[in-house]
Amino acid sequence: NVVINLTTSSDASAVELTGAKITLTNLYNDGSIDIASGDITHGSAKAAKAVKEATDYDLIMIPQTIDDNSKLIITLTDDTTYSLQLNKCTDKTDDTTLIADWKSGNMYTYTITLKKEEVSFRALIQEWGKNTGSGNATLDWD
């Protein structure tokens with residue numbers, strides 16, 4: 001699970017976040033799950049992730065290594081663009097640990113603070129809460 005939260009300051013350096021678009025680029029966005037083992041394997045091609053017009057972005061991503069070309073791009077309604085290299089972000093609990101992989105079972109929360117002429121970002125890695133239960137599911141097969 002990957003969560004991206006956009007924030008700004010409350011002073012004169014604040015930027016307008018309403019209608020901001022967040023794009024994740026050069027990441028695997030498809031794959032397969034082995035039903036028997038639960039192992040997840042990414043597909044063969046990387047692609048740009050869909051644009052979402054919101055200040056909060058919450059999505060399920062394929063576990064993968066994040067390379068130098070993987071970026072998080074924020075575009076404001078005035079066409080101001082911020083681009084961040086994803087694998088340069090450090091874990092909030094340890095400023096020396098770069099987040100170079102998204103591992104299965106973890107939740108990655110990126111908090112990005114935008115100000116006029118300044119951007120800061122941090123991420124928090126935590127175990128993703130597992131839910132158990134029972135129920136019925138119907139799968140459609142092509």
Side-chain angles (χ1 to χ4, degrees), residues 1-35 37-133 135-142:
N1 190 25
V2 175
V3 178
I4 301 168
N5 299 313
L6 297 182
T7 64
T8 190
S9 63
S10 59
D11 58 22
S13 66
V15 298
E16 180 57 50
L17 296 177
T18 304
K21 296 177 185 177
I22 301 171
T23 307
L24 295 174
T25 64
N26 201 39
L27 295 166
Y28 295 106
N29 65 351
D30 69 346
S32 61
I33 299 174
D34 184 313
I35 302 273
S37 68
D39 292 338
I40 301 171
T41 305
H42 59 71
S44 59
K46 291 186 175 185
K49 195 68 190 150
V51 173
K52 183 172 182 180
E53 295 181 21
T55 55
D56 296 316
Y57 200 68
D58 190 347
L59 64 153
I60 306 298
M61 291 296 294
I62 300 292
Q64 60 190 284
T65 298
I66 303 167
D67 66 25
D68 289 345
N69 297 315
S70 300
K71 304 225 186 288
L72 186 152
I73 300 169
I74 302 156
T75 306
L76 303 179
T77 55
D78 67 358
D79 291 327
T80 301
T81 302
Y82 300 88
S83 179
L84 308 168
Q85 192 172 329
L86 277 174
N87 66 354
K88 296 297 182 188
C89 188
T90 59
D91 186 350
K92 176 184 174 185
T93 59
D94 177 8
D95 283 340
T96 63
T97 303
L98 291 173
I99 301 171
D101 297 289
W102 286 338
K103 296 181 181 176
S104 182
N106 287 335
M107 181 167 76
Y108 298 84
T109 303
Y110 292 84
T111 301
I112 301 162
T113 303
L114 303 172
K115 297 180 183 180
K116 293 178 182 169
E117 301 182 26
E118 180 184 342
V119 176
S120 63
F121 70 115
R122 62 189 168 112
L124 175 63
I125 304 171
Q126 59 192 115
E127 187 173 327
W128 190 14
K130 295 180 174 71
N131 293 317
T132 58
N136 297 318
T138 303
L139 300 175
D140 293 327
W141 299 97
D142 291 336

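Note that the numbering runs from 1 along the sequence shown for the chain. Heavy atoms only: backbone and side chains are in, while hydrogens, waters and symmetry mates are out.
Residues Asp67 and Lys46 form a side-chain contact, since some pair of their non-hydrogen atoms from C-beta on lies under 4.5 Å apart. A 4.5 Å side-chain heavy-atom check between Leu76 and Glu16 finds every atom pair outside the cut-off. Proximity of Ile112 to Ile74: side-chain heavy atoms (C-beta onward) are separated by under 4.5 Å at one or more points. In this structure, Leu24 and Leu86 have side chains that are in contact, with non-hydrogen atoms separated by less than 4.5 Å. You'll find the side chain of Val15 reaches within 4.5 Å of the side chain of Tyr82, heavy atoms only.
Taking OH from Tyr28 and CD1 from Ile40, the interatomic distance works out to 15.0 Å, rounded to the nearest 0.5 Å. With rounding to the nearest 0.5 Å, the separation of CD in Gln85 from CD1 in Ile66 is 10.5 Å. One finds the OG1 atom of Thr111 at 5.0 Å from the CG atom of Asn5 (value rounded to the nearest 0.5 Å). Here the CG-OH distance, from Asp91 to Tyr108, works out to 9.0 Å after rounding to the nearest 0.5 Å. Distance check: Thr7 OG1 to Leu17 CG gives 7.5 Å after rounding to the nearest 0.5 Å. One finds the CD1 atom of Ile33 at 9.5 Å from the OG1 atom of Thr41 (value rounded to the nearest 0.5 Å).
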Compile the donor-acceptor pairs under 3.5 Å between side chains in residues 98-105 and protein atoms, sequence neighbours left out, one pair per line.
unit_1	atom_1	unit_2	atom_2	d
Asp101	OD1	Thr65	OG1	2.8
Trp102	NE1	Tyr110	OH	3.0

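Residues satisfying the side-chain contact (heavy atoms from CB on, under 4.5 Å) criterion with Thr77, sequence neighbours excluded, are absent altogether. Partners of Ser37 according to the side-chain contact (heavy atoms from CB on, under 4.5 Å) rule, which considers only residues two or more places apart in sequence or in another chain, are Asp34, Asp39.
Closest approach of Ala45 to Asp30, counting heavy atoms only: O-OD1, 4.3 Å. Taking both residues in full, the closest heavy atoms of Leu6 and Ala20 are given as CD1-CB, 3.9 Å, listed atom of the first, atom of the second, then distance. Closest approach of Leu114 to Thr8, counting heavy atoms only: O-OG1, 2.6 Å. Across Leu27 and Ser70, no two heavy atoms sit closer than the pair CD2-OG, 3.5 Å. Summarising the geometry of Asn1 relative to Leu59, their closest heavy-atom pair is OD1-O, 3.0 Å, with the distance given to 0.1 Å. Of all heavy-atom pairs between Ser83 and Ile73, the closest is OG-CG1, 4.0 Å.
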Lys71 and Asn26: side-chain contact (heavy atoms from CB on, under 4.5 Å), yes or no, with the steps?
-> CA-CA 7 Å; Lys71 304 225 186 288; Asn26 201 39; over 6 Å; no
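For the pair Thr75 (side chain) and Thr81 (backbone), a donor-acceptor distance under 3.5 Å is absent.
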